[in-house]
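What follows is a set of notes on a single structure, which appears directly below.
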Amino acid sequence: MRTFLAILFFALLASACHPPQRNFLKAQGHHIVNGRGDTVILRGMGLGGWMLQEGYMFRLGFLGRQYRIRACIEDLVGEERTSQFYEQWLANHTQKADIDSMAAWGFNSIRLPMHYNLYTLPVEEEPVVGEHTWLEKGFAMTDSLLEWCKANHMYLILDLHAAPGGQGNDLNISDRNPNNPSFWESEANRVKTIALWRKLAERYAEEEWIGGYDVLNETNWGFEDSTDFRGIAERTNAPLRQFLVEVTRTIREVDTNHIIFLEGNGFANNYHGIFPKWDDNLVLSFHKYGNPNVQEAIQHFLDLREEHNIPLWLGESGENSNTWFTEAIELCETNGIGWAWWQNKKMGINQPLEIKEPEGYVHLLNYWSGKSEKPAPEDALRILNEWLENLKLKNNIFHSDVVDAMFRQVHARNALPFVKHSIRAGSVVNAVDFDLGRQRVAYYDTDTASYHYTPGMNTQGNRGHSYRNDGVDIRPDSSGYHIFDIKDGEWLQYTLEIDEDGLQRLLLEVSNETDHGRIQLNINGTLLEQPISVPATEGGQHWTLIPIEIPELAKGDCVIRILAEVGGFNFKSFRFGR
């Protein structure tokens, strides 16, 4: 007993002399490491649309900036109800359930796009010139988010997305009003921004689950040449470097623990003049959209990593197809680069959560775009309140295909059922419920991604922008969805569970406006000898059933591939019979 107590005493003494290693992320050579020195690959999601609305997220690209969206809402329901709307927006859009879900899906970090106006007043509204009024709202929201992240062992990266005055010529990104001096045209705006980062650093200096400070999102500005509207041709970036050095110095006066993420000009792609480093705990954050996922696309950043001994982070990407997501993430992780996607939820299919349009939303869009009369205040309020409810996770549409593409498909080459198909006589399988998996594993489509930033490549992925984010073209109809724009050689795979013996008949539901179209079936690896011709129907959505005799299916797993030997038809479903 004495021996045990002595061992316990010395163990406690050693623990007191050597406290547990703190878990701050650090830049170490080419890598980000944790407190134990382990390399950390950040797999993150951005919370776009929460603190800062961009019009395209809600079919409001013609309005663009948040302050314009707010003015349109105020025109409909008045100032007081508009203020209430935005308070409820902040309460509903992102909640603990959202963070819990992202952790369960596989994300280990969150990037918070901050709007400065939740933390401090605009320069032009300060009661005393040169002073800073601090608003508790933004800090309280950040505190809550940090607690949700802590509970899930997720890192929270603070991103100043909308800086005072706005930091670029793409006005929507930073909610910039071009009638006021920009971030780069006003020293007062830059002073306020640095003061805000000092305030944030003071508050979170000892918080281990703060992953770091992304101090200025996507500068796009021509310093040397004002006609260089996006800052892509800038060769020196002197004002940007000066700001980054000054904000780092200010943060380090109160916080020596956290990474500072650096974004270059040209939407975080132009790093001319930014280096050499001025601090030991910096990470280069580049952004990547709509270009091919090949080594050449990121080689410039790999060269900067090598030259300046600095880790890389793909701080923002997304807005594309599942194929593009899988390939981009695979490219990053193969090169030891972490990533953060944009964004967790909006209207549309190319992110994990889809916000449903409220009933009657089109009336608001038509009025705001000048196409219809102003709706009555009570109608507008009903639509706006439904929009607020639709923001909540429980009312979102979950796109499991997107999450599968971002995690499982990066490392796996097998297909899984999109939904469970338990097949008996009369069972119907919707064409759009083909398997989950990579291109050429679960399906083959000739156009699987959007390369809108690559000259000469005019591709889209899912041309119907509906239901799923794979390359297959899907659009809605009066009774659900169907596959259209089917090209020669495209195919779909379905993994089924056969629950009943004696199934020897398959009926394909198709439509065809031409006399072209020919289908081949592959069942459990065996190709049926005769292809099936698709007859012409009265129109693109006038459906007909093609009966096909097949070998009797045994109970158990069954894999069916439906190949368009000759395309040009639409495909709705298939069903089973005896």
Side-chain angles (χ1 to χ4, degrees), residues 321-323 349-350 401 415 418 421 426-435 437-452 456-494 496 504-523 526-551 559-577:
S321 72
N322 289 341
T323 294
I349 61 168
N350 59 2
D401 56 297
F418 179 70
H421 301 285
S427 294
V428 176
V429 175
N430 293 320
V432 295
D433 290 336
F434 55 92
D435 284 352
R438 282 182 171 229
Q439 160 90 329
R440 294 186 173 87
V441 173
Y443 69 94
Y444 172 71
D445 195 277
T446 58
D447 170 13
T448 61
S450 172
Y451 297 100
H452 49 280
M457 297 185 70
N458 183 24
T459 58
Q460 296 185 41
N462 179 353
R463 293 176 181 272
H465 309 290
S466 299
Y467 194 68
R468 292 176 66 164
N469 195 42
D470 299 296
V472 178
D473 302 306
I474 299 172
R475 66 183 172 198
D477 55 45
S478 59
S479 59
Y481 298 89
H482 67 271
I483 295 171
F484 74 107
D485 197 40
I486 298 172
K487 299 290 197 306
D488 298 356
E490 294 182 346
W491 54 263
L492 301 162
Q493 176 175 297
Y494 303 85
L496 315 171
Q504 295 179 286
R505 188 176 174 85
L506 201 63
L507 295 97
L508 298 179
E509 187 177 12
V510 297
S511 69
N512 193 1
E513 296 184 61
T514 72
D515 58 357
H516 304 296
R518 194 162 63 246
I519 294 172
Q520 284 193 326
L521 288 183
N522 185 309
I523 300 178
T526 300
L527 189 68
L528 268 64
E529 292 185 4
Q530 295 297 323
I532 302 103
S533 294
V534 181
T537 59
E538 295 180 6
Q541 293 189 36
H542 288 76
W543 304 101
T544 188
L545 293 173
I546 305 176
I548 306 167
E549 299 302 318
I550 61 174
V559 177
I560 294 180
R561 281 192 179 183
I562 299 176
L563 167 69
E565 187 178 79
V566 178
F569 58 92
N570 298 328
F571 180 27
K572 174 74 171 171
S573 71
F574 59 99
R575 61 197 67 186
F576 292 82

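The basis for the numbers below is simple: all heavy atoms, side chains too, and nothing from hydrogens, waters or symmetry mates.
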message: The test is side chain to side chain contact (heavy atoms under 4.5 Å, CB included); show your working for Val429 and Ile560 and say whether it passes.
response: CA-CA 11 Å; Val429 175; Ile560 294 180; over 6 Å; no
Would you give the length of the straight line joining atom [atom1] of [X] to atom [atom2] of [Y], rounded to the nearest 0.5 angstrom?
X	Y	atom1	atom2	answer
Ile546	Ile532	CD1	CD1	7.5 Å
Asn430	Arg575	CG	CZ	9.5 Å
His465	Asp473	NE2	CG	9.0 Å
Gln460	Asp447	CD	CG	7.0 Å
Asn462	Ile349	CG	CD1	4.5 Å
Leu506	Ile562	CG	CD1	6.5 Å

message: Looking at every non-hydrogen atom in both residues, tell me the closest pair between Ala415 and Val441 and how far apart they are.
response: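 Residues Ala415 and Val441, closest heavy atoms: N-CG1, 3.7 Å.
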statement: Scanning both residues in full, the closest heavy-atom pair of Ile550 with Arg505 reads CG1-N, 3.8 Å
Can any side-chain N or O of [X] pair as donor or acceptor with the backbone N or O of [Y] at less than 3.5 Å?
X	Y	result
Glu490	Thr446	yes
Thr537	His542	yes
Thr323	Ala449	no
Arg468	Val432	yes

With a 4.5 Å cut-off on side-chain heavy atoms, are [Y] and [X] touching?
X	Y	value
Leu563	Asn522	no
Arg463	Phe484	yes
Asp445	Asp470	no
Ser511	His482	no
Leu492	Phe571	yes

message: Check this for me, if you would: do Asp477 and Arg475 make a salt bridge, where the nitrogen-to-carboxylate-oxygen distance has to be below 4.0 angstrom?
response: no
query: In terms of side-chain geometry, is the basic nitrogen of Arg518 or Glu565 positioned less than 4.0 Å from the acidic oxygen of its partner?
result: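 Counted as a salt bridge, because a side-chain N and a carboxylate O are separated by less than 4.0 Å.
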Identify, with sequence neighbours excluded, every residue that meets ring-ring contact (aromatic ring centres under 6.0 Å, His included) alongside [X].
X	value
Phe569	none
Phe574	Tyr494, Phe576
Tyr443	Phe434

field: Full working for side chain to side chain contact (heavy atoms under 4.5 Å, CB included) between Asn570 and Val510
entry: CA-CA 6 Å; Asn570 298 328; Val510 297; over 6 Å; no
- request: Would you check if there is a donor-acceptor pair between the side chains of Asn350 and Asn469 at a distance under 3.5 Å?
  value: no
message: Under a 3.5 Å cutoff, is there a donor and acceptor pairing between the side chains of Asp433 and Tyr481?
response: no
